[in-house]
*Asks:* 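One structure, as structure tokens, below. Some questions next.
Side-chain atoms are counted along with the backbone in the values below, which use heavy atoms only and exclude waters and symmetry mates. First the proteins, then the strands, lettered A, B, ... as listed; each starts at 1.
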Amino acid sequence: MLSRVADTLWWMSRFVERAEGVTRIVQVHRDSDLETEFSQGAAEYWNSALIALYAQNEFEVGKFKDPGSFIIFSPQWIGSVINCVNAARENARMVRDQLSEEIWVELNNLYHFLNSEDAHSNFATEESKFYARIIRFSLIFQGLSDATIHQDEGWRFMTLGKYLERADLTSRVLDTLTLLGSEPTRLDLIRALRSCSAFSAFKKKYRGALTLSNVADLLLFSEDFPRSLRFSLRCIDSQLHEISAVPSGSFTNEAERLSGRALAHMNFSDINSMISQGLHESIDEIQKLLIAVGQSIFETYVLLPSEINSTTPLQKLQSQMQQQ
Amino acid sequence: MAQNLHTVDAVAINRFKDYSNTGFFDEMFGTGFVAQDHYQQINSRLSQIGDSELETKQQQVASSFLEHGVTFTVYGETEGTERIFPFDLIPRIIPSDEWHEIEQGLVQRIIALNLFLNDIYKDSKIIKDGVIPREVVESSPHYRAEMVGFNVPKDIYIHICGSDLIRDEKGRYLVLEDNARCPSGVSYLLENREIMKKAFPRTYREMSVCPVEAYPDLLLKTLEYLSPRNSGKPVCVLLTPGVYNSAYFEHTYLARQMGIEIVEGKDLITIEDFLFMRTTHGLVQVDVIYRRLDDNFLDPSFFKNDSLLGVSGLMNCYLKGNVSLANGIGTGVADDKVTYAYVPEMIRYYLAQEPILEQVPTYLCWREDDRKFVLENLQDLVIKPANESGGYGMLIGSSSSRKEREEFSDRIKKSPRDYIAQPIVSLSRHPTFCDGSIEGRHVDLRPFVLYGDDIEIVPGGLTRVALQKDSLVVNSSQGGGSKDTWVLKG
């Protein structure tokens with residue numbers, strides 16, 4: 001498959017996953033806003049979310065008063081939900097030949113909705129439906145990706161993008177618990193679990209034992225919960241080996257080497273050692289590994305070695321495309 | 001129930017009670033007041049539908065196009081706006097005998113144009129025999145001196161041609177221009193048909209319309225025919241300028257329908273005069289490029305420019321015969337509007353035949369007598385730049401101001417080679433649903449001709465319609481829309 005196409009599919013899929021994850025973070029904060037216990041410390045909680053999303057500066061200089069609508073609608077902040085959806089759709093437009101009509105229509109509809117006047121009024125009047133629409137879109141998108149296109153290399157790059165983004169989001173959500181400035185309350189822990197759709201999974205495994213250690217254990221180390229770091233890294237590693245047809249446990253390129261190392265790190269560590277090392281520091285380390293894995297996939301499959309440091313003058317490129 | 005749901009005839013509406021077709025040839029009514037035979041079924045179908053139902057259907061169609069991303073992008077000062085190409089539900093009908101003649105005329109024309117291109121880049125017989133002045137050919141901005149002496153694969157320069165046809169006040173079909181570089185619009189033709197089959201399934205079936213769905217297969221066959229390699233399945237790609245190009249939808253659409261890769265310049269690389277695309281598993285050799293870029297953007301090293309869209313070294317691959325291009329390089333001479341004036345002569349010269357399709361009389365401003373006439377009669381003529389597309393830079397004399405005429409007069413005197421003039425043809429009109437009622441609007445027709453092992457034309461073409469009242473400009477960039485075109489089976 002064309003390297004550029006692989007890269008585009010990967011980004012499309014990352015942006016969809018990111019739109020869902022970020023929406024969930026806002027949704028969960030809004031829901032807990034209703035609890036009095038929470039509303040007393042609301043500013044602090046939003047603050048931790050903004051830090052975890054690296055959005056604090058943009059929020060402070062921007063014109064949005066409310067962090068929720070900032071995270072959804074900000075045109076300036078690159079990670080806002082609307083920017084994620086627009087970017088996913090722009091990527092999809094470039095690789096429409098790789099997607100089914102159903103996938104395209106779902107993404108295109110959400111794009112038109114979020115960029116319409118309706119979106120703002122819908123957000124103001126029916127907030128919970130608004131979040132549900134975005135989240136449901138992502139789930140339909142994933143279902144259609146598994147059910148309506150070839151599970152070939154393009155699909156593998158989409159899967160890689162999805163899990164890398166998911167691993168990143170889960171680690172950020174967990175990190176919010178370390179950024180509060182005080183011990184997380186019961187509500188904080190529930191909020192983190194809900195942000196990862198992990199509350200019922202948690203109850204099933206740990207019943208009522210709602211502690212930071214258990215929550216982190218699930219989100220980091222669960223072998224079978226599909227949003228845990230370990231699960232995501234296993235998917236990344238196995239897709240990389242499917243793409244290269246090299247057996248798992250060995251490597252032929254930098255992407256495989258780094259993903260294998262990250263997976264081993266999760267396979268052979270445990271929650272106690274991470275807590276004693278410092279949870280925030282451990283998460284930081286994992287995030288650095290994830291970034292390195294992403295970069296190495298790009299360098300292995302997309303760039304020619306000579307191009308790694310070159311840049312294209314974007315504006316000139318766009319204007320030439322338009323002249324044709 | 002008091003109402004009888006079966007008395008359709010009782011509620012039938014005379015759709016065309018207030019319809020006016022005076023002064024023009026009307027596709028449905030001709031020059032008379034009764035719908036022509038081939039429009040009878042559409043007429044009766046329309047009389048069963050109320051305005052609101054038609055309006056609803058029209059809106060459904062628009063939102064379906066938007067949903068499926070059947071759009072083009074208009075670029076202004078800031079960012080691009082995506083628009084759908086406005087679509088009118090009332091189909092244009094062409095009876096089979098009429099189509100048969102158009103088809104023969106188009107085949108004759110593309111053969112002559114290809115012979116002409118082969119000739120001017122080789123022996124220049126037509127010039128030596130004094131049929132076309134050398135000056136005309138070599139002064140064309142799209143003439144490529146680099147191609148002289150080169151044998152294009154299979155001797156075909158124009159593989160895909162979109163010729164625009166109009167009808168005059170008597171209903172005669174005339175060729176208005178030939179688009180021999182990268183004609184666009186075929187994706188709308190195909191999408192229009194899909195949507196019409198959903199909107200009027202019964203009428204469509206009853207009228208036995210010639211299908212058009214084979215176009216992508218025929219196009220792929222045309223491309224594969226060009227492959228320089230004899231063994232194996234040829235690797236064909238569609239080369240697009242990229243996602244910011246206004247026709248990007250069409251590029252992805254065609255690539256998807258043909259099942260070939262859509263590539264950008266940066267996906268391609270040349271090694272020792274062979275062309276490769278860069279894949280996740282290394283380099284794959286490319287045989288044929290369906291390119292949707294202009295000649296001089298294809299290769300910055302060859303055409304010595306700063307194109308970011310092309311591939312350095314591509315032209316050497318082409319000239320060595322290691323990769324084929326559709327259309328070939330240098331076809332723009334054939335769609336220069338000055339060359340256009342000579343097409344009837346070309347047909348007589350190369351084929352010893354009379355042109356089957358007539359064309360619009362053309363005054364060439366670089367000829368002294370013509371220029372004198374043009375400058376004296378600006379108000380009765382259409383002045384067109386010889387090498388612009390999209391309907392830009394025209395002057396329609398009858399609706400121009402004195403100031404505009406003076407400006408054009410100066411321009412013509414300054415660069416006469418760049419302008420031609422034609423009498424104002426009253427394009428035929430077609431009933432069109434506009435703001436809740438049916439009115440006549442001017443139309444043209446762009447059929448798409450494919451020249452490979454055979455010459456193939458999918459029946460009909462893209463009917464473009466000037467949606468603004470009295471406007472003669474059908475281009476999508478200037479308020480034009482489109483209709484489905486139904487050629488009836490014989």
Side-chain angles (χ1 to χ4, degrees), chain A residues 1-10 86 89-102 104-113 115-116 152-154 156-157 243-245 253 255 297-298 300-304 306-307 310 312-324, chain B residues 63-64 66-71 73-76 79-80 82 181-182 184 237-249 251-269 277-284 291-294 297 300 305-310:
Chain A
M1 110 172 308
L2 284 178
S3 301
R4 178 180 51 84
V5 171
D7 186 49
T8 308
L9 288 167
W10 141 280
N86 292 355
R89 195 251 190 191
E90 189 72 354
N91 280 288
R93 224 159 75 77
M94 292 189 228
V95 292
R96 263 196 79 175
D97 53 320
Q98 305 286 326
L99 307 175
S100 64
E101 195 64 22
E102 291 99 321
W104 165 260
V105 168
E106 287 297 329
L107 180 50
N108 195 36
N109 276 342
L110 185 70
Y111 162 84
H112 283 299
F113 167 68
N115 288 281
S116 70
D152 56 5
E153 207 176 317
R156 295 194 193 289
F157 275 97
I243 289 168
S244 67
N253 59 47
I297 292 173
F298 183 65
T300 303
Y301 288 106
V302 179
L303 283 186
L304 288 182
S306 62
E307 292 175 331
S310 80
T312 322
L314 185 65
Q315 268 191 323
K316 191 165 161 193
L317 184 70
Q318 289 185 0
S319 84
Q320 286 192 1
M321 285 184 191
Q322 290 161 25
Q323 282 163 26
Q324 292 293 303
Chain B
S63 61
S64 167
L66 191 64
E67 181 170 85
H68 288 85
V70 187
T71 54
T73 317
V74 184
Y75 288 96
E79 55 193 287
E82 248 178 87
R181 282 171 286 161
C182 314
S184 60
V237 298
L238 186 153
L239 176 61
T240 174
V243 72
Y244 298 105
N245 185 258
S246 62
Y248 190 75
F249 164 75
H251 305 162
T252 53
Y253 179 88
L254 288 174
R256 191 159 37 118
Q257 297 296 325
M258 288 189 279
I260 66 174
E261 298 285 356
I262 172 170
V263 301
E264 296 179 19
K266 59 181 182 241
D267 298 323
L268 301 173
I269 188 168
M277 57 181 173
R278 294 158 38 180
T279 78
T280 48
H281 290 276
L283 301 175
V284 172
R291 47 93 169 217
R292 299 290 299 252
L293 311 183
D294 287 343
F297 275 86
N305 57 28
D306 62 351
S307 168
L308 300 169
L309 312 176

*Asks:* Given heavy-atom pairs under 4.5 angstrom as the criterion, report whether the side chain, backbone, both or neither of B/Thr240 touches chain A.
*Replies:* neither
*Asks:* How about A/Met1 and B/Thr279: do any of their side-chain heavy atoms sit closer than 4.5 Å?
*Replies:* no
*Asks:* Are the charged groups of A/Glu153 and A/Arg156 less than 4.0 angstrom apart, N to O?
*Replies:* no
*Asks:* Given that the side chain runs from C-beta out, which part of B/Val284 has a heavy atom under 4.5 Å from chain A: side chain, backbone, both or neither?
*Replies:* neither
*Asks:* Below 4.5 Å from any heavy atom of chain A, which atoms of B/Glu264 appear? Answer side chain, backbone, both or neither.
*Replies:* both
*Asks:* With a 4.5 angstrom heavy-atom cut-off, is it the side chain or the backbone of B/Leu66 that approaches chain A, or both, or neither?
*Replies:* both
*Asks:* Is there side-chain contact between A/Phe157 and A/Tyr301, with at least one heavy-atom pair below 4.5 Å?
*Replies:* yes
*Asks:* Can you tell me which portion of A/Gln98 sits under 4.5 Å from chain B's heavy atoms? Options are side chain, backbone, both or neither.
*Replies:* side chain
*Asks:* Taking NZ, NE, NH1 and NH2 as the nitrogens, is one of them in A/Arg89 or A/Glu106 under 4.0 Å from a carboxylate oxygen of the other?
*Replies:* no
*Asks:* Listed by chain and number, what are the ring-ring contact (aromatic ring centres under 6.0 Å, His included) partners of B/Tyr248, not counting sequence neighbours?
*Replies:* none
*Asks:* Below 4.5 Å, heavy-atom pairs only: which of B/His281, B/Arg292, B/Gln257, B/Met277 has the largest tally toward chain A?
*Replies:* B/His281
